[in-house]
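Below is one structure, written out as structure tokens; comments come after it.
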Amino acid sequence: MHAVSDWGGLHENIYFAAKSLVSRGHIVDVLCTGTRLPDLLLIAGVNVLRYGLDEDSAATARRIAAVDSYDLVYCHPFVAREVGVRVAGILGIPFVASFHGNYLDAYSTWFDRARITTAVSPALVNMLCRETNVSPELVVTMRNGVDDQIFDCRILTLDEKLNISSGTYDVVVLSRLDPDKRLLWDSVFSGMALLAAQHPGRRWRIRVPGDGNGVSEADRLFTEFSRHHDNVEVEWLGWMSMSDVPRILRRSSLVFASGRGAAQGIAAGTPTIATGSQGTFGLQTGRRLDIGLWGNFGGFPIPISPWTDEGDIELVRLFGDYDSYGIEQVRSRARIAPLLRQSRIDLELGSLLEQAVG
């Protein structure tokens with residue numbers, strides 16, 4: 001895999017996929033960079049190939065092909081896909097490609113060499129079929145999953161979510177802090193300005209885990225926002241382990257996130273506003289949640305934004321009506337659980353890749 005940051009949704013996707021394949025009795029090697037993902041993979045019993053992905057893809061492919069006798073290549077976009085296609089060609093084995101965002105990665109030039117292609121949302125599946133005229137049977141939805149334990153934890157009421165020690169309602173911005181997340185930050189400022197004005201007697205704490213290439217700009221913007229809102233403060237948490245994230249999501253009153261992060265927020269029983277690189281999908285309830293599931297919670301553009309006056313009204317209503325808040329917590333989690341439980345995704349992916357090997 002090749003990624004723009006040291007940790008994000010793509011890393012988690014690969015971690016859970018590799019771990020589940022090992023649990024099915026397969027030997028898995030992962031070509032990746034960075035430090036956080038390789039360390040977790042090694043603990044999970046996954047072999048890590050540390051060849052640089054910035055070097056010539058043909059040379060990297062030859063090095064990998066000489067390592068072992070593989071049965072299948074499961075590749076992710078761009079440089080990793082270039083290497084994967086070459087490895088499969090050298091060894092004469094099938095490969096499966098995976099798409100995670102709104103891009104084509106020159107798909108029309110190589111799709112016929114893939115045994116099957118997966119994409120994380122129905123919207124991306126539709127795009128790939130439409131843009132390349134590939135048979136729909138060869139492109140399938142393989143969603144980002146959420147750990148079953150998050151779905152299974154007890155949902156906290158809004159009263160229970162009040163942080164007694166700080167006297168605040170905590171709000172989490174779950175995202176890597178890179179420049180391409182600016183739309184997400186803007187949605188935080190919009191949503192929190194509304195809540196701060198409509199509920200001036202409450203104190204709000206925006207908690208920001210993670211890091212990235214845009215952390216300095218994010219710090220400037222969030223600090224400036226809090227200066228203009230007396231009942232809003234910001235807390236920077238830095239990198240957190242995957243095991244710690246569910247705890248802060250569960251205890252938060254609101255989550256701003258995209259992709260897998262948004263799904264985790266909903267699964268934890270916390271109302272979530274989804275904004276990705278392709279736009280704001282709004283508070284994930286009702287029809288907006290259906291749109292979020294269709295487009296991976298902000299990962300695909302939609303003709304008109306569902307974040308309208310109706311969304312503003314719904315957000316204010318939730319925090320003014322404890323019964324409505326509780327109803328939406330349960331309803332939204334129940335809507336996504338049958339589709340996004342990690343155990344289901346693991347089973348679907350394992351079966352798909354085993355069938356690809358034939």
Side-chain angles (χ1 to χ4, degrees), residues 3 5 7-13 16 98-103 118-127 141-147 150-151 171-178 180-188 190-191 208-210 242 245-246 248-250 252 254-308 310-311 314-315 318 328-329 331-342 344-345:
S5 66
W7 192 258
L10 177 59
H11 300 80
E12 292 191 20
N13 181 292
F16 281 107
S98 178
F99 280 79
H100 299 262
N102 184 34
Y103 45 75
T118 70
V120 296
S121 71
L124 292 180
V125 169
N126 293 342
M127 178 194 72
T141 302
M142 190 63 62
R143 299 177 187 271
N144 283 315
V146 176
D147 195 325
I150 301 179
F151 279 111
V171 174
V172 170
V173 182
L174 187 60
S175 167
R176 53 183 171 80
L177 299 175
D178 289 303
D180 65 330
K181 296 298 182 180
R182 178 60 189 266
L183 275 177
L184 175 60
W185 306 343
D186 288 343
S187 75
V188 176
S190 175
V208 189
M242 284 192 300
V245 170
I248 68 165
L249 292 177
R250 181 171 178 251
S252 298
L254 184 65
V255 172
F256 290 86
S258 57
R260 181 188 287 270
Q264 288 178 307
I266 300 166
T270 301
T272 297
I273 293 175
T275 299
S277 61
Q278 304 301 309
T280 296
F281 280 37
L283 183 66
Q284 294 298 280
T285 60
R287 174 176 170 270
R288 289 182 295 273
L289 179 52
D290 290 337
I291 296 173
L293 286 166
W294 172 80
N296 192 33
F297 304 104
F300 194 83
I302 51 180
I304 57 173
S305 173
W307 185 250
T308 60
E310 177 189 345
E314 176 75 1
L315 180 62
L318 282 187
E328 290 301 342
Q329 286 178 284
R331 182 181 292 164
S332 296
R333 175 197 262 185
R335 173 72 179 88
I336 71 169
L339 297 173
L340 302 186
R341 277 187 175 272
Q342 190 65 54
R344 169 179 174 157
I345 304 302

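- At least one donor-acceptor pair under 3.5 Å links the side chain of R288 to the backbone N or O of L283.
- In this structure T275 satisfies the side chain to side chain contact (heavy atoms under 4.5 Å, CB included) test together with L183, L184, S187, I273, T280, sequence neighbours excluded.
- Counting only distance, with no hydrogens or angles, the side chain of R344 and the backbone of P338 share a donor-acceptor pair below 3.5 Å.
- Checked by atom type and distance alone, the side chain of R333 pairs as donor or acceptor with a backbone atom of F151 at under 3.5 Å.
- Listed by chain and number, the residues in a side-chain hydrogen bond (donor to acceptor under 3.5 Å, both in side chains) with R341 are D152 (sequence neighbours excluded).
- Side-chain atoms of R143 never come within 3.5 Å of backbone atoms of N296 as a donor-acceptor pair (strictly under, hydrogens ignored).
- Under the side-chain hydrogen bond (donor to acceptor under 3.5 Å, both in side chains) criterion, D147 pairs with no residue at all, not counting sequence neighbours.
- In this structure, S121 contributes its side chain and A119 its backbone to no donor-acceptor pair below 3.5 Å.
- Taking A263 as the reference, V146, F297, L340 meet the side chain to side chain contact (heavy atoms under 4.5 Å, CB included) condition, with sequence neighbours excluded.
- Considering only heavy atoms from C-beta on, L249 comes within 4.5 Å of L174 through its side chain.
- Checked against side chain to side chain contact (heavy atoms under 4.5 Å, CB included), S332 has the following partners two or more places apart in sequence or in another chain: I266, T285, L289, E328.
- Legend: residues meeting salt bridge (charged side-chain N to carboxylate O under 4.0 Å, His left out) with R335, ordered by chain and number and at least two apart, are D290.
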